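See below for the structure under consideration.
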Amino acid sequence: MIAHAPPIYARNLAFSSLTCYKKRVISPDEFRHTMSHFASGVTVISVCDRDGRPTGLTASAFTSVSLDPPLILVCVDHKSQSYPALAAGKMFAVNVLCHDQEGVSRRFATTKVENKFEGVPFTLSAMGLPLLDNALAHLECATVNVHLEGDHSIFIGRVERSSVGAGHPLVYFRGRYDRLSGATP
């Protein structure tokens, strides 16, 4: 005879609430400083708002998730000017920046510029997404999931189209822009 354990209900657990965030372990400044030691590429996430106007933001929290299907993720601050358009949309583009696009990255990272695309060369793709001219690569994505975590949302995108250009990547390390050193194939 098999004994059955009683069902487990959240009210029976020893947790005060259903969250993995129990207390702050390190300060935001300490966390930012530590994470600055991870070199990353720089991207601009672009989308059109409900009125068809292009908008975008600089993001270094970007990575591949899966090869089959081809999935990527990008983390976006809820306070970003472009967050509402990204959250309301069903598609977005990732523009991987070249080493000479530091000015573009800075423009899309600021909250002081209302129309970040003004004066920045771009093309609307067949999918209706703004793609920055001269970027190292473009990924056009359908939003398949959004996860709210802390002060950011994690957007999961299925890559529908991609293209690559020539050049070297823009790199961000220890709070400053940099370039790869040495020859690359």
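Computed from a predicted structure; not experimentally measured.
Taking F92 as the reference, nothing meets the ring-ring contact (aromatic ring centres under 6.0 Å, His included) condition, with sequence neighbours excluded. A search for side chain to side chain donor-acceptor pair (under 3.5 Å) contacts involving T58 returns nothing, not counting sequence neighbours. The side chain to side chain contact (heavy atoms under 4.5 Å, CB included) test applied to N134 returns Q101, not counting sequence neighbours. Residues satisfying the side chain to side chain donor-acceptor pair (under 3.5 Å) criterion with Y172, sequence neighbours excluded, are absent altogether. Legend: residues meeting side chain to side chain donor-acceptor pair (under 3.5 Å) with S46, ordered by chain and number and at least two apart, are N95. By the ring-ring contact (aromatic ring centres under 6.0 Å, His included) test, H33 pairs with H37, sequence neighbours left out. In terms of the side chain to side chain contact (heavy atoms under 4.5 Å, CB included) criterion, residue partners of R179 (sequence neighbours excluded) are, by chain and number, H99. Applying the side chain to side chain donor-acceptor pair (under 3.5 Å) test to S125 and every residue at least two apart in sequence or in another chain returns E140. Residues satisfying the side chain to side chain contact (heavy atoms under 4.5 Å, CB included) criterion with P69, sequence neighbours excluded, are S66, L71. Listed by chain and residue number, nothing satisfies the ring-ring contact (aromatic ring centres under 6.0 Å, His included) test with F62 (two or more places apart in sequence, or in another chain).
Taking 4.5 Å as the limit, every side-chain heavy atom of L57 sits out of range of all side-chain heavy atoms of F108. Counting heavy atoms from C-beta on, the side chains of V94 and H138 never come closer than 4.5 Å. Y177 is not listed as a side-chain neighbour of V171, based on a closest heavy-atom distance of 4.5 Å or more. Contact of the C48 side chain with the L124 side chain is registered, since non-hydrogen atoms from C-beta on lie closer than 4.5 Å. Between V47 and M91 there is no side-chain heavy-atom pair separated by less than 4.5 Å. Inter-residue side-chain proximity for V120 and L132 is flagged as met; some heavy-atom pair is nearer than 4.5 Å.
Atom SG in C98 sits 4.5 Å away from atom CG in L136 (nearest 0.5 Å). Here T123 contributes atom OG1 and L129 contributes atom CG; the two are 12.0 Å apart, rounded to the nearest 0.5 Å. Between atom SG of residue C141 and atom NZ of residue K90 there is a gap of 15.5 Å, rounded to the nearest 0.5 Å. The line from CG of D178 to CG of L170 is 9.0 Å long, rounded to the nearest 0.5 Å.
Residue pairs satisfying the salt bridge (charged side-chain N to carboxylate O under 4.0 Å, His left out) criterion with at least one member in residues 41-69, sequence neighbours excluded, are listed as follows: D49-R53, D51-R53.
In this structure, P130 and A93 approach most closely via the heavy-atom pair O-CB, 4.1 Å. R107 and E118 get closest at one heavy-atom pair: NH2-O, 3.1 Å. When all heavy atoms are compared, the tightest approach of F117 to G56 is CE1-N, 3.9 Å.
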Less than 3.5 Å apart, which donor and acceptor atoms pair up between the side chains of residues 73-81 and the rest of the protein, not counting sequence neighbours?
from: D77; atom 1: OD1; to: K79; atom 2: N; distance (Å): 2.8
from: H78; atom 1: ND1; to: D151; atom 2: O; distance (Å): 3.4
from: H78; atom 1: NE2; to: H152; atom 2: O; distance (Å): 3.1
from: H78; atom 1: NE2; to: S153; atom 2: N; distance (Å): 3.3
from: H78; atom 1: NE2; to: S153; atom 2: OG; distance (Å): 2.8
from: S80; atom 1: OG; to: S82; atom 2: N; distance (Å): 3.2
from: Q81; atom 1: OE1; to: K116; atom 2: NZ; distance (Å): 3.1
from: Q81; atom 1: NE2; to: T111; atom 2: O; distance (Å): 3.2

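Note: the hydrophobic cluster containing L139 also contains V146 (ILVMFWY, side chain heavy atoms under 4.5 Å, direct or indirect links). Note: the hydrophobic cluster containing V44 also contains F122 (ILVMFWY, side chain heavy atoms under 4.5 Å, direct or indirect links). Cluster membership check: L131 does not share its hydrophobic cluster with M127, using side-chain heavy-atom separations under 4.5 Å among Ile, Leu, Val, Met, Phe, Trp and Tyr.
Put simply, the residue from I72, L86, I45, N145 that forms a side-chain contact (heavy atoms from CB on, under 4.5 Å) with F155 is L86.
The backbone N or O of K112 lies less than 3.5 Å from a partner atom in the side chain of T110, making a donor-acceptor pair. Distance alone, capped at 3.5 Å, is enough to place a donor-acceptor pair between the T43 side chain and the A59 backbone.
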